[in-house]
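A quick write-up on the structure given underneath.
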Amino acid sequence: MSEYLVWSEEYATGVEMIDGDHQTLFMMVNTLHDALVRDGATDQLPHLFERLSDYVNGHFGREEALMRQCGYPLLDEHSEKHHQLEKTLRKMVVEFSTDPTAFPADDLMDFLKNWLTSHVLKSDMHYVPFVNGQKALRT
Ligand SMILES: [Fe+2]
(Lines give C-alpha, C1' and ligand atoms only; values in the text may rest on other atoms or scores of the structure.)
Protein backbone atom coordinates (compact mmCIF):
# COMPACT_ATOMS: atom_id res chain seq x y z
CA MET A 1 0.00 0.00 0.00
CA SER A 2 1.44 3.33 -0.98
CA GLU A 3 1.48 6.19 1.45
CA TYR A 4 0.16 8.70 -0.99
CA LEU A 5 -2.27 10.12 1.50
CA VAL A 6 -0.93 9.82 5.02
CA TRP A 7 -3.22 10.10 8.01
CA SER A 8 -2.00 12.19 10.91
CA GLU A 9 -3.47 13.69 14.06
CA GLU A 10 -4.04 17.02 12.33
CA TYR A 11 -6.94 15.37 10.46
CA ALA A 12 -8.58 14.04 13.62
CA THR A 13 -11.92 15.68 14.38
CA GLY A 14 -12.26 13.74 17.63
CA VAL A 15 -15.65 12.48 16.41
CA GLU A 16 -15.05 8.74 16.33
CA MET A 17 -17.45 7.84 13.52
CA ILE A 18 -16.15 10.62 11.28
CA ASP A 19 -12.48 9.87 11.91
CA GLY A 20 -13.10 6.21 11.13
CA ASP A 21 -14.78 7.16 7.85
CA HIS A 22 -12.00 9.59 6.93
CA GLN A 23 -9.33 6.98 7.63
CA THR A 24 -11.16 4.53 5.40
CA LEU A 25 -11.36 7.18 2.70
CA PHE A 26 -7.63 7.86 2.93
CA MET A 27 -7.01 4.12 2.61
CA MET A 28 -9.27 3.85 -0.42
CA VAL A 29 -7.53 6.76 -2.11
CA ASN A 30 -4.20 5.00 -1.49
CA THR A 31 -5.57 1.79 -2.98
CA LEU A 32 -6.80 3.71 -6.02
CA HIS A 33 -3.43 5.42 -6.31
CA ASP A 34 -1.64 2.08 -6.24
CA ALA A 35 -3.86 0.68 -8.97
CA LEU A 36 -4.05 3.78 -11.11
CA VAL A 37 -0.58 5.30 -10.89
CA ARG A 38 1.78 2.64 -9.57
CA ASP A 39 0.58 -0.64 -10.99
CA GLY A 40 -1.55 0.44 -13.91
CA ALA A 41 -3.92 -2.37 -12.90
CA THR A 42 -6.70 -1.24 -15.16
CA ASP A 43 -8.91 -4.32 -14.77
CA GLN A 44 -9.49 -3.49 -11.10
CA LEU A 45 -10.13 0.18 -11.64
CA PRO A 46 -13.84 0.27 -12.51
CA HIS A 47 -14.49 -1.68 -9.30
CA LEU A 48 -12.26 0.61 -7.23
CA PHE A 49 -13.90 3.72 -8.64
CA GLU A 50 -17.32 2.35 -7.86
CA ARG A 51 -16.32 1.36 -4.34
CA LEU A 52 -14.88 4.81 -3.67
CA SER A 53 -17.97 6.57 -5.06
CA ASP A 54 -20.28 4.40 -2.96
CA TYR A 55 -18.25 4.94 0.17
CA VAL A 56 -18.05 8.70 -0.40
CA ASN A 57 -21.83 8.86 -0.83
CA GLY A 58 -22.38 6.86 2.36
CA HIS A 59 -19.89 8.96 4.31
CA PHE A 60 -21.41 12.25 3.15
CA GLY A 61 -24.84 10.95 4.16
CA ARG A 62 -23.59 10.09 7.65
CA GLU A 63 -21.80 13.42 8.00
CA GLU A 64 -24.78 15.44 6.81
CA ALA A 65 -27.09 13.59 9.23
CA LEU A 66 -24.69 14.45 12.05
CA MET A 67 -24.55 18.12 11.05
CA ARG A 68 -28.35 18.24 10.84
CA GLN A 69 -28.64 16.62 14.25
CA CYS A 70 -26.50 19.23 15.95
CA GLY A 71 -28.11 22.15 14.11
CA TYR A 72 -25.00 23.12 12.18
CA PRO A 73 -25.85 26.44 10.51
CA LEU A 74 -23.67 25.94 7.41
CA LEU A 75 -25.18 22.58 6.49
CA ASP A 76 -26.36 23.74 3.05
CA GLU A 77 -23.00 25.14 2.00
CA HIS A 78 -21.27 22.04 3.29
CA SER A 79 -23.67 19.69 1.51
CA GLU A 80 -23.13 21.62 -1.71
CA LYS A 81 -19.39 20.89 -1.47
CA HIS A 82 -20.24 17.21 -1.04
CA HIS A 83 -22.51 17.27 -4.09
CA GLN A 84 -19.77 18.86 -6.16
CA LEU A 85 -17.34 16.08 -5.28
CA GLU A 86 -19.95 13.40 -5.99
CA LYS A 87 -20.55 15.01 -9.38
CA THR A 88 -16.84 15.15 -10.15
CA LEU A 89 -16.40 11.50 -9.16
CA ARG A 90 -19.29 10.43 -11.38
CA LYS A 91 -17.78 12.37 -14.27
CA MET A 92 -14.41 10.71 -13.70
CA VAL A 93 -15.94 7.23 -13.69
CA VAL A 94 -17.59 7.98 -17.05
CA GLU A 95 -14.38 9.48 -18.45
CA PHE A 96 -12.38 6.50 -17.32
CA SER A 97 -14.77 3.93 -18.79
CA THR A 98 -14.95 5.88 -22.07
CA ASP A 99 -11.19 5.89 -22.65
CA PRO A 100 -8.95 4.47 -19.89
CA THR A 101 -5.79 5.18 -21.90
CA ALA A 102 -6.49 8.92 -22.09
CA PHE A 103 -7.50 9.16 -18.44
CA PRO A 104 -5.61 11.87 -16.49
CA ALA A 105 -4.65 9.61 -13.57
CA ASP A 106 -2.15 11.97 -11.91
CA ASP A 107 -4.56 14.88 -12.15
CA LEU A 108 -7.35 12.87 -10.57
CA MET A 109 -5.13 11.71 -7.72
CA ASP A 110 -3.85 15.24 -7.08
CA PHE A 111 -7.38 16.51 -7.14
CA LEU A 112 -8.65 13.87 -4.69
CA LYS A 113 -5.73 14.39 -2.33
CA ASN A 114 -6.13 18.16 -2.28
CA TRP A 115 -9.90 18.04 -2.03
CA LEU A 116 -9.97 15.55 0.83
CA THR A 117 -7.23 17.07 2.95
CA SER A 118 -8.45 20.65 2.63
CA HIS A 119 -12.08 19.60 3.08
CA VAL A 120 -11.29 17.76 6.32
CA LEU A 121 -9.05 20.53 7.65
CA LYS A 122 -11.37 23.42 6.82
CA SER A 123 -14.97 22.38 6.23
CA ASP A 124 -15.17 19.36 8.51
CA MET A 125 -13.23 20.89 11.39
CA HIS A 126 -15.67 23.78 11.32
CA TYR A 127 -18.65 21.67 12.43
CA VAL A 128 -16.77 19.90 15.24
CA PRO A 129 -17.53 22.50 17.96
CA PHE A 130 -21.23 22.22 17.05
CA VAL A 131 -21.11 18.44 17.39
CA ASN A 132 -19.47 18.91 20.75
CA GLY A 133 -22.07 21.47 21.78
CA GLN A 134 -19.54 24.26 22.12
CA LYS A 135 -20.76 26.50 19.35
CA ALA A 136 -20.63 29.60 21.53
CA LEU A 137 -16.86 29.26 21.80
CA ARG A 138 -16.14 29.43 18.10
CA THR A 139 -18.75 31.59 16.41
FE1 LIG B 1 -17.58 17.01 4.77
Side-chain angles (χ1 to χ4, degrees):
M1 169 82 65
S2 71
E3 295 207 326
Y4 179 68
L5 199 45
V6 182
W7 177 266
S8 70
E9 275 305 303
E10 69 175 318
Y11 299 114
T13 63
V15 184
E16 208 176 314
M17 180 263 285
I18 295 295
D19 289 340
D21 276 10
H22 286 162
Q23 281 167 339
T24 303
L25 275 173
F26 274 39
M27 214 175 65
M28 290 175 100
V29 169
N30 284 334
T31 305
L32 187 67
H33 180 263
D34 279 359
L36 196 60
V37 177
R38 250 177 32 166
D39 307 335
T42 47
D43 54 332
Q44 276 186 45
L45 283 166
H47 169 67
L48 292 177
F49 273 127
E50 199 147 320
R51 237 177 39 147
L52 178 66
S53 288
D54 286 353
Y55 193 82
V56 162
N57 293 351
H59 166 61
F60 286 169
R62 286 188 286 280
E63 205 177 64
E64 286 165 25
L66 180 71
M67 288 188 281
R68 194 169 293 117
Q69 242 171 47
C70 67
Y72 183 57
L74 301 181
L75 172 64
D76 288 348
E77 286 97 313
H78 198 127
S79 299
E80 183 50 34
K81 290 181 181 134
H82 288 171
H83 291 152
Q84 287 304 324
L85 183 74
E86 286 170 343
K87 230 165 75 181
T88 306
L89 278 176
R90 276 199 299 272
K91 215 179 83 190
M92 303 238 170
V93 171
V94 172
E95 255 180 54
F96 179 78
S97 58
T98 308
D99 186 359
T101 56
F103 189 73
D106 290 314
D107 293 350
L108 168 66
M109 294 315 304
D110 284 350
F111 167 78
L112 275 179
K113 185 181 198 169
N114 291 333
W115 195 96
L116 270 178
T117 52
S118 75
H119 184 80
V120 171
L121 292 175
K122 292 182 201 146
S123 303
D124 291 344
M125 287 302 177
H126 195 263
Y127 66 64
V128 173
F130 292 84
V131 177
N132 294 333
Q134 299 167 346
K135 57 189 167 193
L137 296 176
R138 296 267 188 107
T139 47

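Both counts, for ligands and for their atoms, begin at 1 and track the order of listing.
For E63, the N, O or S atom closest to the Fe ion (ligand 1) goes by the atom name OE1.
Geometry note: the Fe ion (ligand 1) is the vertex, H82 NE2 and H119 NE2 are the arms, and the angle is 90° (rounded to 10 degrees). Geometry at the Fe ion (ligand 1): OD1/D124 and NE2/H78 form an angle of 80°, nearest 10 degrees.
Classified by interplanar angle (parallel below 30°, tilted 30° to 60°, perpendicular above 60°), the ring pair Y11/F26 is perpendicular. Taking the six-membered ring where the residue is Trp, F103 and F96 present perpendicular rings, their angle passing 60° and hence far from 30°.
In this structure, R68 forms no cation-pi arrangement with Y127, as its terminal cationic atom is not both closer than 6.0 Å to the ring centre and no more than 45° off the ring axis.
For the 3.5 Å distance criterion, the side chains of H82 and H59 fail to qualify, holding no donor opposite an acceptor.
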